[in-house]
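FYI, the numbering just counts along the sequence from 1. Start at 1 and go down the list; that is how both ligands and their atoms are numbered.
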Amino acid sequence: MAIRIERIILREIRLPLVHFFETSFGRTTERRIILVEAVAGGVSGWGEVTCGERPFYNEEWTDGAWLVLREFAAPRLLGGEVENAEAVAPLVAHIRGHRMTTGGLEAAVWDLEARRLGLPLWKHIGGGARSAIPCGVSIGIQESVPDLLKKIEGELAAGYQRIKIKIKPGWDVEVVREVRREFPHCKLMVDANSAYTLADAEHLRRLDEFHLMMIEQPLSHDDIIDHAVLQARLETAICLDECIRSARHAEQAIRLKACRIINIKLGRVGGFREARRVHDVARAAGVPVWCGGMLECGVGRAHNIALSTLPNFVLPGDVSASRRYWARDVITPPVEVTPAGTIEVRAEPGFGYALDLEFMSQITVRQETLSCA
Ligand code: NPG
């Protein structure tokens, strides 16, 4: 279905987190999120740019994303016809990197196309393997181990199916030991966000005794080969996140045995087209995947839910309830998690939730409408 996109509206919203979120590269207390609204024939599709406020997770950041969208990505879609949502990623593929940025735009067009067809987004992307998605939580680095244990206890009581804790040098083996002592049977994994090098291999091997589901991205954000060396030395499965930016990277990582699990983040790989390709490569190789999170507001969260209905998303992901992050979300109802630790997939067209436009306008700090000159 050809789409003539008439307008692309960029909004930056500011949302304070209910609790700071700390990783090995820093602490976030308030999000600055770019939402992308693509309009065609009176219908709007919505996407979220999932990059951080600072270029520390990868090279992208809010202010840079705004410029890339305005100067390079949006102009490619305005003023002509786009064949369909699948055709958006190739149109912006000449932009090197910046996949979370272009991915926010790409996802908006998928949502738009789904709405025009009257289909739920999950159906439109070929998902629907499950009607409720299994949820885990990601718990940032805390001020103290007792704080961490208390958090874990609360999340398990809420029903979440697996716990992921962030680690970094100085907050790793002994912390995991205490968590395991307190919670011997929960599904547990750790995420290092690239905080180690191969020189730490012996140290990381000490994590093997804790029966972790996986260790996520222990080594450099742009490395696959060292991960292969490390995986051969660990019993624990390595899951790659940062360094899988495309289906080609997934293929290479699997071929080199650099990981046994892949975290797919919609933005990191540039949107739904590439996310499905990564999913398919992993599935063909028998490598399970799960859906990562980037502290998204409701728009990105809803997209992640749709993505998580593809068949190979067999492990609980980092997609969790809105209330863990926001006092009020930009969608209604907010994303909620059942006592069984699942999110029910909704049947409405598009991403399945209503936008709270009134609240959104209150928290919008800049807005720009791009249209054909
Ligand atoms: O629940 O959205 C969430 C957070 C999931 O841990 C999570 N994200 O590296 O995967 C990550 C991490 C992250 C958090 C990355 C903050 C960047 C900033």
query = Is there a donor-acceptor pair under 3.5 Å between the side chain of D111 and the backbone N or O of W46?
reply =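 Yes.
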inquiry  = Before you tell me yes or no, could you show the steps for Q217 and L240 under side-chain contact (heavy atoms from CB on, under 4.5 Å), namely the whole-Å CA-CA distance, both residues' side-chain angles and the distance that decides it to 0.1 Å?
reply    = CA-CA 5 Å; Q217 195 70 34; L240 290 180; 3.7 Å; yes
ask   = Which residue pairs pass the ring-ring contact (aromatic ring centres under 6.0 Å, His included) test with at least one member in residues 288-312, sequence neighbours excluded?
value =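 Listed once each, the pairs are F272-H303, H303-F351.
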request  = Non-hydrogen atoms closer than 4.0 Å to ligand 1: which protein residues do they belong to? List them by chain and number, please.
outcome  =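 Under the 4.0 Å cut-off, ligand 1 touches F21, T23, F25, Y57, S138, K164, K166, D191, N193, D241, K265, G293, M294, L295, E296, D318, Y325.
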task = Return the set of residues passing salt bridge (charged side-chain N to carboxylate O under 4.0 Å, His left out) with R7 (not counting sequence neighbours), or none when no residue passes.
result = none
remark   = The side chain to side chain contact (heavy atoms under 4.5 Å, CB included) partners of W61 (sequence neighbours excluded) come to P55, D63
key: Check: V175 and I167 side chains under 4.5 Å, non-hydrogen atoms   =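 A side-chain contact is absent here, since even the closest heavy-atom pair is not under 4.5 Å.
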